[in-house]
Amino acid sequence: MTKKKHLSKQQHHRIAQNEQKRLRGRDKPASAQLADDVLEPAEPGLVLSRFGQHADVEDAQGQVVRCNMRRTISSVVTGDSVIWRRAKQSTGSIDGVIEAVEDRRTVLLRPDFYDGLKPVAANIDLMIIVSAILPALSLNIIDRYLVAAEKTGIKPLLVINKADLLSGDELTQLTEQLHLYQQIGYDYLLLSAKTGQGMQELLQQVHSGTSIFVGQSGVGKSSLMNQLMPGLAAATREVSENSGLGQHTTTVSRLYHLPEGGDLIDSPGIREFALWHLSAEEVTSGFIEFAPWLGQCKFRDCKHISDPGCAIQHGVQQGEISRERYDSYLKILASMAQDKPHYF
Ligand SMILES: Nc1nc2c(ncn2[C@@H]2O[C@H](COP(=O)(O)OP(=O)(O)OP(=O)(O)O)[C@@H](O)[C@H]2O)c(=O)[nH]1
Ligand SMILES: [Mg+2]
Ligand SMILES: [Zn+2]
């Protein structure tokens, strides 16, 4: 006997709302969609992965069911809590339908050049920003992710993977740079998925809540995943095989339950993390160490670039704000207008 969780009033309401939309004809049943009479009553589920028109949904017993979704649902992503209905009889490939998506606690968004603003994953507590000396270490990309983390309210954690490849000098320089981040309140971990260095510290950070690995392709997100979950064998690939081609080894985000507790999402790498969807002010507030200086510039509409009487620039000159971070801020501002598609 399997025990089914009861749906809340709100969940019933949401299903009813979607049902109404459907009856109004906005959701014409497609041949691929399952009719009402072949479906079991609604139950809650967790989206492990989303690909094309399908999603893998985990039920309350931990069983994974491939579902399609009602057309009234605008988006379903990894980490979403959903209300879905199981097919009474397996149809082979699709065994359920997602009826509604619960409100998201947090959502990681990414502006895509072709598709506009796209949710990547939902209900995330910790954003693990992974970097590595190979393919290349970019503090600017780290800063972009930090801005995104501040904007979405997801706690960030900086991870430098492939520590085994660092020479003594590189390690010294990197530690100095990371110290700057620590000073403004960002924790970091130095790891190696190859040697296992730092994995216990990483485990401590992820054993509760939902964490996501983000970062460029080839930095070792899936390799870290495999280290944390022996037996998982997520696909990984040599950097040299895909470098420069814009190819990613991991192609869809996927959520895994850690044996120690906590959920971890592996996501596909991206080359440039654009911030087209944010205003200049939002980027500014994403640099948290600027906060004490904001509002103190001579001009209210100060752009903090080369404006006279700029408090932020003053902070940099005083050594209170790191010049590296300020330069990175200017670089982000300059890049925001570049290549920006018209719909942002
Ligand atoms: N030396 C060294 N190599 C590593 C380490 N971690 C990962 N690698 C290698 O880096 C390459 C890329 O690793 P992946 O785990 O596929 O990278 P990814 O971030 O998941 O890449 P995408 O899925 O494309 O986003 C593989 O050849 C790994 O073996 C490490 O700590 N040290
Ligand atoms: Mg990967
Ligand atoms: Zn200013």
Side-chain angles (χ1 to χ4, degrees), residues 49 78 110 120-121 127-138 141-142 145 159-167 170-171 174 189-199 201-202 212-229 232-256 264-273 280-281 283-285 287 289-318 320-321 326 329-330 333:
S49 193
T78 299
R110 175 168 110 75
V120 177
M127 189 195 292
I128 306 175
I129 304 166
V130 187
S131 309
I133 189 167
L134 187 79
L137 193 75
S138 162
I141 290 185
I142 293 180
Y145 276 111
V159 154
I160 309 294
N161 186 34
K162 310 197 188 185
D164 56 287
L165 297 180
L166 294 169
S167 70
E170 285 166 334
L171 180 63
L174 187 60
L189 294 176
L190 210 52
L191 307 179
S192 169
K194 192 171 177 181
T195 66
Q197 176 188 337
M199 295 314 285
E201 281 126 298
L202 179 61
I212 186 168
F213 281 133
V214 296
Q216 282 175 294
S217 200
V219 293
K221 298 179 294 298
S222 301
S223 304
L224 288 169
M225 195 88 228
N226 288 339
Q227 263 284 345
L228 288 174
M229 298 185 70
L232 174 68
T236 63
R237 181 161 48 175
E238 291 287 330
V239 171
S240 54
E241 289 172 32
N242 64 6
S243 56
L245 296 172
Q247 287 179 4
H248 313 297
T249 308
T250 306
T251 51
V252 291
S253 295
R254 181 159 200 100
L255 184 145
Y256 301 93
L264 196 46
I265 300 172
D266 188 12
S267 80
I270 46 178
R271 204 188 297 183
E272 271 279 309
F273 189 70
E281 289 75 26
V283 173
T284 310
S285 59
F287 279 74
E289 72 273 38
F290 294 0
W293 309 83
L294 288 177
Q296 294 185 39
C297 301
K298 185 171 174 193
F299 298 106
R300 262 189 60 194
D301 61 346
C302 185
K303 299 267 178 291
H304 322 300
I305 297 175
S306 53
D307 316 52
C310 173
I312 307 256
Q313 287 177 71
H314 181 70
V316 176
Q317 281 147 16
Q318 297 289 302
E320 301 274 340
I321 292 173
Y326 177 68
Y329 165 73
L330 293 181
L333 283 188

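All figures in this text were calculated on a predicted structure; none of them were measured in a lab. Both ligands and their constituent atoms are indexed starting at 1 by order of listing.
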Of the non-hydrogen atoms in [X] and [Y], which two are nearest, and what is the gap between them?
X: V159; Y: L202; value: CG2-CD1, 4.5 Å
X: S267; Y: F213; value: OG-O, 2.8 Å
X: M199; Y: L224; value: CE-O, 3.8 Å
X: I160; Y: L174; value: CG2-CD2, 3.6 Å
X: K162; Y: I133; value: O-CG2, 4.4 Å
X: I312; Y: I321; value: O-CD1, 3.7 Å

(message) Please classify the V130 to ligand 1 contact at 4.0 Å (heavy-atom distances, strictly less than): side chain, backbone, both or neither.
(response)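 Contact part for V130 vs ligand 1: neither.
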(message) Just to be sure I read this right, does ligand 1 sit under 4.0 Å from the backbone of D164, its side chain, both, or neither, counting only heavy atoms?
(response)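 Near ligand 1, D164 shows its side chain, while the N, CA, C and O stay back.
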Which atoms of ligand 1 are found less than 4.0 Å from any heavy atom of [X]?
X: N161; value: 5 (C), 6 (N), 7 (C), 31 (O)
X: L165; value: 1 (N)
X: S192; value: 31 (O)

Nearest to [atom] by heavy atom, [options]: which?
atom: atom 19 (O) of ligand 1; options: K162, K221, K194; answer: K221
atom: atom 23 (O) of ligand 1; options: T251, D266, T250; answer: T250
atom: atom 25 (O) of ligand 1; options: S267, S223, G269; answer: G269

(message) In terms of relative ring orientation, are H304 and Y329 parallel, tilted or perpendicular, with 30° and 60° separating the classes?
(response)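 H304 vs Y329 ring planes: tilted.
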(request) Look at the aromatic rings of F290 and Y326 and report parallel, tilted or perpendicular, splitting at 30° and 60°. (result)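 Ring orientation, 0 to 90° scale: tilted.
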Contact check: [X] vs ligand 1, nitrogen or oxygen atoms, below 3.5 angstrom:
X: G218; answer: yes
X: P268; answer: no
X: A193; answer: yes

(message) Looking only at side-chain N and O atoms, does S222 offer a donor or acceptor that is under 3.5 Å from a partner on T250?
(response)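 Looking only at side-chain atoms, S222 and T250 do form a donor-acceptor pair, the distance falling under 3.5 Å.
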(message) Can a side-chain donor-acceptor contact be found between E170 and S167 if the only test is distance below 3.5 angstrom?
(response)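 E170 and S167 do have a side-chain donor-acceptor pair below 3.5 Å.
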(request) Measure from the Mg ion (ligand 2) to each N, O or S atom of M225 and report whether any distance is below 2.8 Å. (result)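 It does not: M225 brings no N, O or S atom closer than 2.8 Å to the Mg ion (ligand 2).
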(message) With a cut-off of 2.8 Å, does S222 put an N/O/S atom close enough to the Mg ion (ligand 2)?
(response)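 For S222, the answer is yes, given that an N, O or S atom comes within less than 2.8 Å of the Mg ion (ligand 2).
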(message) What protein N/O/S atoms are there under 2.8 Å from the Zn ion (ligand 3), waters excluded?
(response)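 Listed by chain and number: C297 SG, C302 SG, H304 ND1, C310 SG.
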Between side-chain atoms of residues 190-198 and protein atoms elsewhere (two or more places apart, or another chain), which donor-acceptor pairs fall under 3.5 Å?
from	atom 1	to	atom 2	distance (Å)
S192	OG	D164	OD1	2.7
S192	OG	K194	N	3.1
S192	OG	T195	N	3.0
S192	OG	T195	OG1	3.2
T195	OG1	Q197	N	3.2

(request) Measure the shortest side-chain to side-chain distance between M127 and I129 over non-hydrogen atoms and say whether it is less than 4.5 angstrom. (result)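 Yes. Closest side-chain heavy atoms under 4.5 Å.
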